[in-house]
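Worksheet for the structure shown next.
Since the model is a prediction, treat every value here as computed from it, not as a measurement. Computed over heavy atoms, backbone and side chain alike; hydrogens, waters and symmetry mates excluded.
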Amino acid sequence: MRKTLIVLSLVLIAFGLVACGGGGNGNGGGGQADQVAAGQQVWEAECAECHVQGGIGPELNAGNLAAYGNAQALYDYTHANMPLDAPASLSDQQYWDVTAYVLHQAGQLPGDTVLGPDNAADVTIGQ
């Protein structure tokens, strides 16, 4: 009976890890799709009002983003200056997520990249 409970517990833990994404990459365990989806939520709540056509901020397309050169520079600028009415008010992860979303929408986020401090300087924009 005890052996059955241990096996059942291990199976439930394994299912829990799979359901939660397994962890390990700094954004809750998901891949690029999860980070981009989380970034879209931040974008819609904090950014879209100003950065859509006709808003007070520029549209964040590949041409406009190329001036940053890489994802780290874009993250640094965004973290320090956005949202305009409350700079640096989001969590670091929210800034990574929204940076990934913006780059993804502009076709500038490579492959299965999950954006973060370890790889952002290597993600070039406008190439």
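Looking at Leu74 and Leu65, their side chains come closer than 4.5 Å, going by heavy atoms from C-beta outward. Looking at heavy atoms from C-beta onward, Gln93 lies in side-chain contact with Gln35 at the 4.5 angstrom threshold. Counting heavy atoms from C-beta outward, Leu60 and Trp43 have side chains that approach closer than 4.5 Å. Looking only at side-chain heavy atoms (C-beta outward), Ser89 and Pro83 come within less than 4.5 Å of each other. The closest side-chain heavy-atom distance from Tyr101 to Val42 is not below 4.5 Å. At a threshold of 4.5 Å between non-hydrogen side-chain atoms, the residues Leu109 and Val36 count as touching. The shortest distance between side-chain heavy atoms of Trp96 and Pro117 falls below 4.5 Å.
Ala38 and Asp97 get closest at one heavy-atom pair: CB-OD2, 3.4 Å. Between Asp118 and Asp122, the shortest heavy-atom distance links the atoms O-OD2, 4.4 Å. Across all their heavy atoms, Pro87 and Asp85 have their closest contact at CD-C, 3.8 Å. The minimum heavy-atom distance linking Ala66 with Gly126 is given by the pair CB-CA, 4.1 Å. Shown here for Asp92 and His79, the closest heavy-atom pair between the two residues is OD1-NE2, 3.0 Å.
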Intermediate values then yes/no, side chain to side chain contact (heavy atoms under 4.5 Å, CB included), Gln32 and Thr113: CA-CA 6 Å; Gln32 184 185 81; Thr113 300; 4.1 Å; yes
Show the numbers, then the answer: is there a side chain to side chain contact (heavy atoms under 4.5 Å, CB included) between Val52 and Glu59? CA-CA 6 Å; Val52 295; Glu59 289 184 57; over 6 Å; no
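In this view, His51 satisfies the side chain to side chain donor-acceptor pair (under 3.5 Å) rule with no residue, not counting sequence neighbours. For Glu44, the side chain to side chain donor-acceptor pair (under 3.5 Å) criterion is met by Gln40, not counting sequence neighbours.
At distances below 3.5 Å, at least one donor-acceptor pair connects side-chain atoms of Gln94 with backbone N or O atoms of Ser91. For Tyr95 (side chain) and Ala88 (main-chain N/O), a donor-acceptor pair under 3.5 Å exists by modelled atom type.
In this structure, the separation between CD on Gln108 and CG on Asn61 is 9.5 Å, given to the nearest 0.5 Å. A distance of 8.5 Å separates CG in Leu115 from CD in Gln72, rounded to the nearest 0.5 Å. The distance from atom CG of Asn64 to atom CD1 of Ile125, rounded to the nearest 0.5 Å, is 11.5 Å. Note: Tyr75 OH to Thr99 OG1 = 7.5 Å, rounded to the nearest 0.5 Å.
At most 12 non-hydrogen atoms from other residues, nucleotides or ligands lie less than 6.0 angstrom from CD of Glu49. By the neighbour-count criterion of 12 heavy atoms within 6.0 Å, atom CG of Asn81 is densely surrounded, having more than that number from other residues, nucleotides or ligands.
Under the 4.5 angstrom side-chain criterion for Ile, Leu, Val, Met, Phe, Trp and Tyr, the cluster partners of Ile56 are Leu84.
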